[in-house]
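First comes the structure, then the notes that go with it.
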Amino acid sequence: MDDCYRIRVPTPFAVGRVNCYVLHGDGLTLVDPGPASEDSREALAEGLAEEGHELSDVDRVLVTHPHMDHFGDAAAIAAESGAEVCAHTDAVEWLADPDAQFEREQELFEPFLVSMGLPERLSDTVISLPETYRDFRDPVTVDRELEEGDVVDAGIDLEVIHTPGHAPGSVCFLAAGEAIFTGDHLLGHISPNPLLTTRPDDPTERTRSLPDYLDALEKIQGIDAPVGRPGHGDPVTDVDGRVAEIIEHHREREERVANILAAEGPMTAYDVTQELFPDLPATELFPGMSETIGHLDLLEDEDRVAIEEADGVVTYDLAG
Ligand SMILES: [Zn+2]
Ligand SMILES: [Zn+2]
């Protein structure tokens, strides 16, 4: 794909830089413009200028998923260029009002995590986003809602593959025979976190993010793409190999969780998290518990756990 280049946009987040891909076959298309900050906007403008493009030339902005390191600056770029913003249907509400989404999550997860064994004194810290991070995203109106199988003409045809799990409304864009743009669904250097969130169709219920994620990983197994272009880090040169590695990683961890339950159950998801990831700082507890609960969900789907609730606290034990 000669008509595609990557700009490594800085972010203030632990994950480091985010990849913005620029396609210039037919007009100018950005896949994930990065967060809303002066630093990232400057890096984006410089990267475009090196190839003879300007921010005002952008015709469309594709959002792989509604996390602010990827979409934060989409609204500003659309305002400056008139670009069409495209994202999956399930991401639309979240993108239109990220603060409201954050409040929905707080409402659901504060009591939920306590029911999963999290000490009440920690629940506030665990679920609150550092106030300053809110500055790195602007609400954005989606002009074109994408669904599984839709094709976006960006000079090259990009087929939409719906891949929820890391986030609702996550999509990969497949340029058949050329590349797949994976957002955070497939990364080369880290195993994407199956973060719990509210269900797009019912915000009073949580997602089953890890089972969803693994199903969506299988969707890109054997896909016609010699290279993966992820949201962070370098290109993935063996998409199938990387998919297999991540599936294997989760299988091993699922067995570890089963072993912990066999040795120490019944126990809460919080207790299992402490065993899996000792000494997690409070700020990392939400991703940690998301992962643990994901593995408990997998075990539940396989009828391998007994789940009890007493006094509002849920415990898990190995079944049988
Ligand atoms: Zn993400
Ligand atoms: Zn990301």
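Numbers here are sequence positions counted from 1. First listed ligand is number 1; within each ligand, the first listed atom is number 1.
Nearest approach of T198 to P203, heavy atoms of both residues: CG2-O, 3.4 Å.
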Query raised in the report: Can you list the steps and then say if H162 with E147 is a side-chain contact (heavy atoms from CB on, under 4.5 Å)?
Result: CA-CA 7 Å; H162 184 209; E147 301 274 4; over 6 Å; no
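Under the 3.5 Å distance criterion, with hydrogens and angles disregarded, no donor-acceptor pair is assigned to the side chains of T11 and D69. A donor-acceptor contact closer than 3.5 angstrom links the side chains of D184 and H232.
The tally of protein N/O/S atoms under 2.8 Å from the Zn ion (ligand 1) stands at 4.
Relative orientation of the H53 and H24 rings is tilted, given thresholds of 30° and 60° on the angle between their planes.
For residues 292-320, every residue pair satisfying the ring pair (Phe, Tyr, Trp, His ring centres under 6.0 Å) rule, not counting sequence neighbours, is listed here: H250-H295.
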